[in-house]
**Student:** 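Sharing a structure, written as structure tokens. Questions coming.
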There are 2 protein chains.
Amino acid sequence: MKKYLSVLKNCPLFYGIREENLFTMLSCLGARVESFDKKYTVFAEGSPARYIGIVLSGSVQILQGDYYGNRSILSHMKESDVFAEAFACAELPSLPISVVANEPSEIMLIECSHILHTCNNNCGFHQQLIFNLMKDLASKTILFHQKIEVVSQRTTRDKIMTYLSQEAKKRGSNSFDIPYDRQELADYLEIDRSGLSAEIGKLKKEGIIESHKNHFELL
Amino acid sequence: MKKYLSVLKNCPLFYGIREENLFTMLSCLGARVESFDKKYTVFAEGSPARYIGIVLSGSVQILQGDYYGNRSILSHMKESDVFAEAFACAELPSLPISVVANEPSEIMLIECSHILHTCNNNCGFHQQLIFNLMKDLASKTILFHQKIEVVSQRTTRDKIMTYLSQEAKKRGSNSFDIPYDRQELADYLEIDRSGLSAEIGKLKKEGIIESHKNHFELL
DNA sequence: GAAAATCTGTTGAATTTTCAACAAACGGAG
DNA sequence: CTCCGTTTGTTGAAAATTCAACAGATTTTC
């Protein structure tokens, strides 16, 4: 597990935990690591919402299944990101989303109740973890908020531009890669793929953006 | 302030705080109460995100302003609900939303830093409040999640039905009132008002729902 | 390196949504 | 009770999105 030290140090859940205590704490929490190949399911929709996931390597997508198989991508989680924590913390009986590996990935799983309720060893780090969870949930709320801002746009063009502007702002640069291919971007923006391709073509022709594959640039 | 005891006891932020300690704690936190007439602004978009709001009486709407004045309703908050906590907890420099009173309302304002950082009196309730905030933020995430599920639907009809189903589930009844008039419902669902009216008409004609003004029934 | 599978851009037709305008219904003020 | 402002439902035309189908490009597999 040592090889994940740098990833774990960047994980918002472990902010303020001293390096020499990290692995003791993890074993006390019963953390374990599992590997998933591309397209394999980490959490299935409807399964119990007991675990918090942390991406150690690779990346995963949070998916929401519609009435009838209409895939909708909620977000993309990369190294050091925490996922499914809201459902576990809110103690929902079952998960309303599924989590799927986007590439071969290693995932750390922690049972949420081990964090929320102090253990018999009376470890001192629970308060810090709960504080960190609170911070993390606050930023997740803001993340969802941004997704709502995007899908609230009425036109395909406005959705694309709102999304690209958000990404540019996050990266602090007008030139960046996105983690989605065309179909996935359409699933995130909740629009038709062919309409997305067409609109990106127009935006390029009009000199508003430049793009090659999943690299984009705002002009 | 005593008259708000029952409202405050229902507020998720104060879960587990003993009644006899509540008001001492509130004064220690520097909580204050302000009144707002209908349509008055509680928090303006762009203002500093320092305060957590709690609805003591009345109700407020959380609004997001588009590029060009396209109003979008994020959510409706009623008695005992907490709002703007995510932005304050995440220590955003400024609010990305505005909060407007939906009717004459009384709002309790608490500076978030007073909750997050232990005070010089060394009060013992900070840990409980942080835990409560964490829980509250988890359920807020789920609330936004539901809003995303609604606006992710591609058609007007599916948006309406997804929203009504969610409400029915929350209330535990197929017969319920919604807190929005037609224009506001359209702003929440991110659709055209006239299209909304037309679609509600169709759903009634087809015997799928029954409705009179803001009362709805799923059949 | 060739074949197979997947991804992307393009098109036109069908469908749906938006927009603008208006009249009926409703609600509050005097 | 009546007037006036607001809300709601309806309509048809304009605009936008979705859908289906296909061909070229790219990537993966063996």
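Residue numbering restarts at 1 for every chain, and letters A, B, ... go by the order of the sequence lines.
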**Student:** Distances under 3.5 Å only, N/O to N/O: pair up the protein atoms with those of nucleotides 13-20 of chain D.
**Tutor:**
residue: D/dT17; atom: OP1; partner: A/Thr156; partner atom: N; Å: 2.5
residue: D/dT17; atom: OP1; partner: A/Thr156; partner atom: OG1; Å: 3.1
residue: D/dT18; atom: OP2; partner: A/Asp192; partner atom: N; Å: 3.0
residue: D/dC19; atom: N4; partner: A/Ser194; partner atom: OG; Å: 3.3

**Student:** Testing the 3.5 Å rule here: is there a donor-acceptor pair between the side chains of A/Ser57 and A/Glu79?
**Tutor:** no
**Student:** Can B/His145 and A/Phe87 be said to form a ring-ring contact (aromatic ring centres under 6.0 Å, His included), step by step?
**Tutor:** CA-CA 10 Å; B/His145 200 271; A/Phe87 313 109; 5.3 Å; yes
**Student:** Side chains of A/Ser72 and A/Glu190: is there a donor and an acceptor less than 3.5 Å apart?
**Tutor:**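 Yes.
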**Student:** Output the rounded distance in Å from CG (A/Asp181) to P (C/dT6).
**Tutor:**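 Result: 13 Å.
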**Student:** Testing the 3.5 Å rule here: is there a donor-acceptor pair between the side chains of B/Tyr4 and B/Glu106?
**Tutor:** yes
**Student:** In whole angstrom, give the distance that lies between atom CD1 of A/Ile200 and atom P of C/dC7.
**Tutor:**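 It works out to 16 Å between those atoms.
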**Student:** B/Leu196 CG to C/dT16 P: how many Å, rounded?
**Tutor:** 17 Å
**Student:** In whole angstroms, how far is the C1' atom of C/dT8 from the CG atom of A/Asn214?
**Tutor:** 13 Å
**Student:** How many Å lie between CD on A/Gln183 and P on C/dC7, as a whole number?
**Tutor:** 9 Å
**Student:** Checking side-chain contact (heavy atoms from CB on, under 4.5 Å) between B/Ile191 and each of B/Glu199, B/Lys159, B/Arg157, which is the one that passes?
**Tutor:** B/Lys159
**Student:** Identify whether the distance between the nearest side-chain nitrogen and carboxylate oxygen of B/Arg32 and B/Glu34 falls below 4.0 Å.
**Tutor:**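 Answer for the salt bridge query: yes.
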**Student:** Before giving the answer on salt bridge (Lys or Arg N to Asp or Glu O under 4.0 Å), spell out for B/Lys202 and B/Glu206 the whole-Å C-alpha distance, their side-chain angles and the decisive distance to 0.1 Å.
**Tutor:** CA-CA 6 Å; B/Lys202 280 192 208 166; B/Glu206 293 176 32; over 6 Å; no
**Student:** Taking atom P of C/dT16 as reference, at what distance in whole Å does atom CD of B/Gln153 sit?
**Tutor:**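 So the CD-P distance, B/Gln153 to C/dT16, works out to 15 Å.
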**Student:** In terms of the angle between their ring planes, are A/Phe216 and A/Phe176 parallel, tilted or perpendicular, with boundaries placed at 30° and 60°?
**Tutor:** parallel
**Student:** Which letters describe nucleotides 23-30 of chain D, given B = protein heavy atom under 4.0 Å from base, S = only from sugar-phosphate, - = neither?
**Tutor:** ---SS---
**Student:** Using whole Å, what does the distance between atom C1' of nucleotide D/dT10 and atom CZ of B/Arg182 come to?
**Tutor:** 14 Å
**Student:** Applying side chain to side chain donor-acceptor pair (under 3.5 Å) as the test, list every pair that has at least one member in residues 38-48 of chain B; sequence neighbours left out.
**Tutor:**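 Every candidate side chain to side chain donor-acceptor pair (under 3.5 Å) pair involving residues 38-48 of chain B fails, so no pair, neighbours aside, qualifies.
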**Student:** Please give, in whole Å, the distance from C/dT17 P to B/Asp187 CG?
**Tutor:** 17 Å
